[in-house]
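Written out below as structure tokens is the structure these notes cover.
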2 protein chains.
Amino acid sequence: MSQASPIVHKTRTQLVVEVLREKILSGDIKAGEPLRQSALAQELNVSRIPVREALLQLEAEGLVKFEAHKGATATELSVEQASELFELRALIEPDLLRKSIPNLTEKQLNHAEEVLVQLESAFRSENAINTWSELNTQFHACLYLGANRPQAMDVIKGLNTNSDRYIRLQLLLTGGIPRAETEHRELLELCRSGQVDAAATLLVNHILHAKDGVKKLVEQHVNNEK
Amino acid sequence: MSQASPIVHKTRTQLVVEVLREKILSGDIKAGEPLRQSALAQELNVSRIPVREALLQLEAEGLVKFEAHKGATATELSVEQASELFELRALIEPDLLRKSIPNLTEKQLNHAEEVLVQLESAFRSENAINTWSELNTQFHACLYLGANRPQAMDVIKGLNTNSDRYIRLQLLLTGGIPRAETEHRELLELCRSGQVDAAATLLVNHILHAKDGVKKLVEQHVNNEK
DNA sequence: ATACGCCACTTTGTATACAAAAAGGGCCCA
DNA sequence: TGGGCCCTTTTTGTATACAAAGTGGCGTAT
């Protein structure tokens, strides 16, 4: 009765969603780039139906803009969007963390630490941008498990997916995110020792600090485009 | 060049989305009820393709659960979900309001008032549950326009859509929401006079108060079901 | 009697085919 | 030369047809 790897039959739609999401997040598909249904269908060896359904899902995630009769494009990046995303996260995540800390189990904390270790090693290895971003989101999510707030987690997940594009940009262009590593470790310790206020404060700063970094970067990046 | 009613060609998918959303929100389609693609297609005189695409969009909105190879169902209501929805709103909306008030134009305030008037008259007329709920959301949204926070507005919109199911339930069962009317009017005046803190505080209470009402109701409603 | 497996039926997933809307280009006319 | 209209081409939207997964019931064997 192992439920480990239940040989799930993924639908073609799900596969397309994953491929396209990764391509958009990684920048392989650039912002504003039109996504032709037939071209994608041919490229991925499926019909247009799964492609369309995938594009709809990605639109819901905010990665794609789908206009009737006009076609789909990867959504554009902007300083405004980045700022707003991080500020929203700075509002919601600390609240989640506060609610979570008192209920975090030893097991959950250990799991968070495992993720953190992977995160730290990914930081060092080259070309691990994609996994770093993924692990980063996962680490944050781990810490909120005690809050038992599925809806809020969904919202955060969505915000994180969108933040990812900016974070990867930063990783790509600067090679790292200055204080993230030490802050993560520190955050985990504060959670472990149950220091709610300190942890929440650190988290706010952690997120706002990330925002500042991204903001500067996107400003000049957008300038370069023109 | 009037852009008033630009003879929009709605796609069948969009039509199906609207019909199904309304049916779920109004309770016409009950929580947990399976949504057979062929049945819906036949009922609405379309093929299964637009139905599928509509179901996917509704899943993104949180109104439908779509399981591969199993089918779609209207998501279940629960006290936990209701509480979480309103608490999240109580966190995000006041923040939006604070940022909005200083930038609200006279025009925007007047528009909010118009909506409020409609809301008040809908309150009195019978069978206006559906429009009440819609106008309620619209009124709240109006007040946040000054914040210029499209992402946050999207999040709120989603949370509101889900709250709607509970609010309509309350309207249906109790005939009204006790203090909502007076609180709305009061809120508008505070916004007009630029009393940021007072407005934000009132809004928090307004939302948490709504939460309490819904919570009690859903508790007994869920009990009755069994 | 119960548990297991086979088979028919239902429902979903996806390919293909066709219809309709938008985009591009050439022609006419001012 | 420049603007506007019609026609062609491309691309999207939707119906239909087919493939595959899931579901339930019956029969058989233990």
Side-chain angles (χ1 to χ4, degrees), chain A residues 1-3 5-21 23-24 29-76, chain B residues 1-3 5-21 23-24 29-76:
Chain A
M1 58 143 285
S2 91
Q3 57 114 36
S5 168
I7 312 171
V8 260
H9 260 305
K10 275 194 195 160
T11 64
R12 299 201 195 327
T13 298
Q14 289 171 302
L15 277 169
V16 177
V17 167
E18 284 165 25
V19 170
L20 290 184
R21 186 193 292 122
K23 282 199 176 190
I24 294 174
I29 290 175
K30 287 193 286 258
E33 187 173 332
L35 303 164
R36 301 293 147 178
Q37 295 172 10
S38 331
L40 294 172
Q42 201 164 356
E43 190 182 324
L44 302 173
N45 272 301
V46 297
S47 79
R48 277 173 48 222
I49 300 290
V51 172
R52 283 181 61 82
E53 295 190 351
L55 290 173
L56 282 171
Q57 286 191 233
L58 292 168
E59 178 178 46
E61 291 181 22
L63 298 181
V64 158
K65 188 171 74 177
F66 200 120
E67 288 176 296
H69 298 291
K70 295 264 201 88
T73 55
T75 51
E76 299 278 0
Chain B
M1 53 142 284
S2 89
Q3 58 113 34
S5 170
I7 313 168
V8 260
H9 261 305
K10 275 194 196 159
T11 64
R12 297 196 203 300
T13 299
Q14 289 171 303
L15 237 59
V16 176
V17 167
E18 284 166 26
V19 171
L20 290 184
R21 184 194 292 122
K23 282 199 177 187
I24 293 174
I29 290 175
K30 286 193 287 259
E33 188 173 332
L35 304 164
R36 302 282 158 219
Q37 296 172 8
S38 330
L40 294 172
Q42 201 163 354
E43 190 181 324
L44 303 173
N45 272 301
V46 297
S47 78
R48 276 174 49 224
I49 300 290
V51 171
R52 283 180 62 82
E53 296 191 351
L55 290 173
L56 282 172
Q57 286 191 232
L58 291 167
E59 178 178 46
E61 290 181 22
L63 298 180
V64 158
K65 187 171 74 175
F66 200 119
E67 287 176 297
H69 300 290
K70 295 263 200 94
T73 56
T75 51
E76 298 279 0

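Just so we're on the same page: letters track the sequence lines, and every chain starts at 1.
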Ignoring hydrogens and geometry, is there a side-chain-to-backbone donor-acceptor pair from Glu53(A) to Thr13(A) under 3.5 Å? no
Value in whole Å for how far the C1' atom of dT12(C) lies from CD of Gln14(A): 13 Å
Output the rounded distance in Å from CG (Leu55(A)) to P (dG13(D)). 10 Å
Tell me the interatomic distance from Leu56(B), atom CG, to dG13(D), atom P, rounded to whole angstroms. 14 Å
Look at the side-chain N and O atoms of Thr11(A) and state whether any lies under 4.0 Å from the OP1 or OP2 oxygen of dT12(C). no
Taking for Val46(A) and for His69(A) the nucleotide of DNA chain C with the nearest heavy atom, the one nearer the 5' end belongs to Val46(A)
Atom CD of Glu67(A) and atom C1' of dA22(C) are separated, to the nearest Å, by 12 Å
Between CZ of Phe66(B) and P of dG22(D) the distance, given in whole Å, is 14 Å
According to a strict under-4.0 Å criterion, is Ser47(B) in side-chain N/O contact with OP1 or OP2 of dA15(D)? yes
Phosphate OP1/OP2 of dG13(D) contacted by Gln37(A) side-chain N/O (<4.0 Å): yes
Arg12(B) has its side chain closest, among dT14(C), dA15(D), dT12(D), to dA15(D)
Would you mind telling me which residue lines up with the more 5' stretch of DNA chain C, Lys70(B) or Asn45(A), judged by nearest nucleotide? Lys70(B)
For Glu18(B), does the CD atom sit with more than 12 other heavy atoms under 6.0 Å from it, leaving out its own atoms? yes
Heavy atoms under 4.0 Å, any strand shown: does Arg48(B) hit a base, just sugar-phosphate, or nothing? base
Is the shortest distance from a Lys or Arg side-chain nitrogen in Glu33(A) or Lys23(A) to a carboxylate oxygen in the other one below 4.0 Å? no
I want to verify a distance call: between dA15(C), dT12(C), dT14(D), whose nearest atom is closest to the Arg52(A) side chain? dT14(D)
dT16(C) C1' sits how many Å from Gln42(A) CD, rounded? 14 Å
If the test is side chain to side chain contact (heavy atoms under 4.5 Å, CB included), which one of Val16(B), Leu35(B), Thr73(B), Val17(B) qualifies with Leu55(B)? Leu35(B)
Atom pair distance, as rounded to whole Å: CZ in Arg36(A) and C1' in dG13(D): 15 Å
Separation of Gln57(B) atom CD from dG13(D) atom P, in whole Å? 11 Å
Verify, without hydrogens or angle tests, whether Thr75(A) (side chain) and Leu63(A) (backbone) share a donor-acceptor contact under 3.5 angstrom. yes
